Amino acid sequence: MKQISVENQTNPLQSGLAAGYCDSFLCRFKGLMFRGSIPENWGLLLVQPSESVVNAAIHMFGVPFNLGVIWINDDGYVVDLAEVKKWVGIKSPKKPARFILEVTPSRLSEFNVGDKIAFLEYGT
């Protein structure tokens, strides 16, 4: 899986954040199912073909830990965020999004609606 780094251009992150880049249907569907946990400095970026509320929904089936979820639109702005509880079901953003960044809940406080987010090739 391709790796990227995530940069909050509005409010710099407290520490580095890398993410797996997940743009195929199978990768997005599997997401973080059946993993034990994720590290504090890592997340998963689910990339949809286009902006949508419905297609940007995530499911928590098979995810045994809580997630911080950041929904980002085509222009790179955070449009919604939420802490989603393990095994809860399905969660959709309030506004259309193309990118869904899943991180540990402790990283959620580093993002706000309206923040400009950039995705960089890992190591740049």
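Since we're looking at a predicted model, the values are computed, not measured. Starting from 1, each residue takes its place in the sequence as its number. All values below come from the heavy atoms of this structure, side chains included, with hydrogens, waters and symmetry mates left out.
- Residues A57 and I90 approach most closely at CB-CG2, 3.9 Å, considering heavy atoms.
- In this structure, CD1 on I70 lies 7.5 Å from CD1 on I117, to the nearest 0.5 angstrom.
- Rounded to the nearest 0.5 angstrom, L17 CG and S5 OG are separated by 8.5 Å.
- Under a hydrophobic clustering in which Ile, Leu, Val, Met, Phe, Trp and Tyr are joined whenever their side-chain heavy atoms come within less than 4.5 Å, directly or via other members, V53 and W71 fall into different clusters.
- A donor-acceptor pair under 3.5 Å is formed between the side chain of N66 and the backbone N or O of K86.
- Across V63, V84, I58, a single residue satisfies side-chain contact (heavy atoms from CB on, under 4.5 Å) together with E102, and that is I58.
- Of all heavy-atom pairs between G16 and N41, the closest is O-CB, 3.6 Å.
- Of all heavy-atom pairs between V103 and G43, the closest is CG1-CA, 4.3 Å.
- A donor-acceptor contact shorter than 3.5 Å is absent between the side chain of D115 and the backbone of V78.
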(request) Apply side-chain contact (heavy atoms from CB on, under 4.5 Å) to L67 and M60, showing your working. (result) CA-CA 9 Å; L67 282 177; M60 293 295 287; 3.8 Å; yes

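- Note that CG of L101 and CZ of R107 are 9.5 Å apart. Values are rounded to the nearest 0.5 Å.
- Minimum interatomic distance between S109 and S106 (heavy atoms only, all atoms of both residues): OG-O, 3.7 Å.
- A cation-pi geometry, defined here as NZ or CZ lying under 6.0 Å from the six-membered ring centre and within 45° of its normal, holds between K116 and Y77.
- Note that CZ of F99 is 6.5 Å distant from CG of L45, once rounded to the nearest 0.5 Å.
- Remark: D74 engages R98 in a salt bridge, criterion side-chain N to carboxylate O under 4.0 Å.
- With hydrogens and angles ignored, the 3.5 Å screen pairs a side-chain donor or acceptor of Q48 with a backbone N or O of N55.
- P96 and E51 get closest at one heavy-atom pair: CB-CB, 4.1 Å.
- One finds the CD1 atom of I100 at 10.0 Å from the OG atom of S92 (value rounded to the nearest 0.5 Å).
- In this structure, the side chains of V69 and K91 stay at 4.5 Å or more apart for every pair of heavy atoms.
- The shortest side-chain heavy-atom distance between T10 and F111 does not fall under the 4.5 Å cut-off.
- Within a 6.0 Å sphere centred on CD of E83, other residues, nucleotides and ligands contribute more than 12 heavy atoms.
- Across all their heavy atoms, L44 and A19 have their closest contact at N-CB, 4.2 Å.
- The distance from the CG atom of N112 to the CG atom of N8 is 8.0 Å, given to the nearest 0.5 Å.
- Panel note: side chain R28, backbone C22; no donor-acceptor pair is recorded below 3.5 Å.
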(message) Using the rule given for side-chain contact (heavy atoms from CB on, under 4.5 Å), can you reason through I72 versus F119, listing the C-alpha separation, both sets of side-chain angles and the distance that settles it, and then say yes or no?
(response) CA-CA 11 Å; I72 303 160; F119 308 118; 3.7 Å; yes

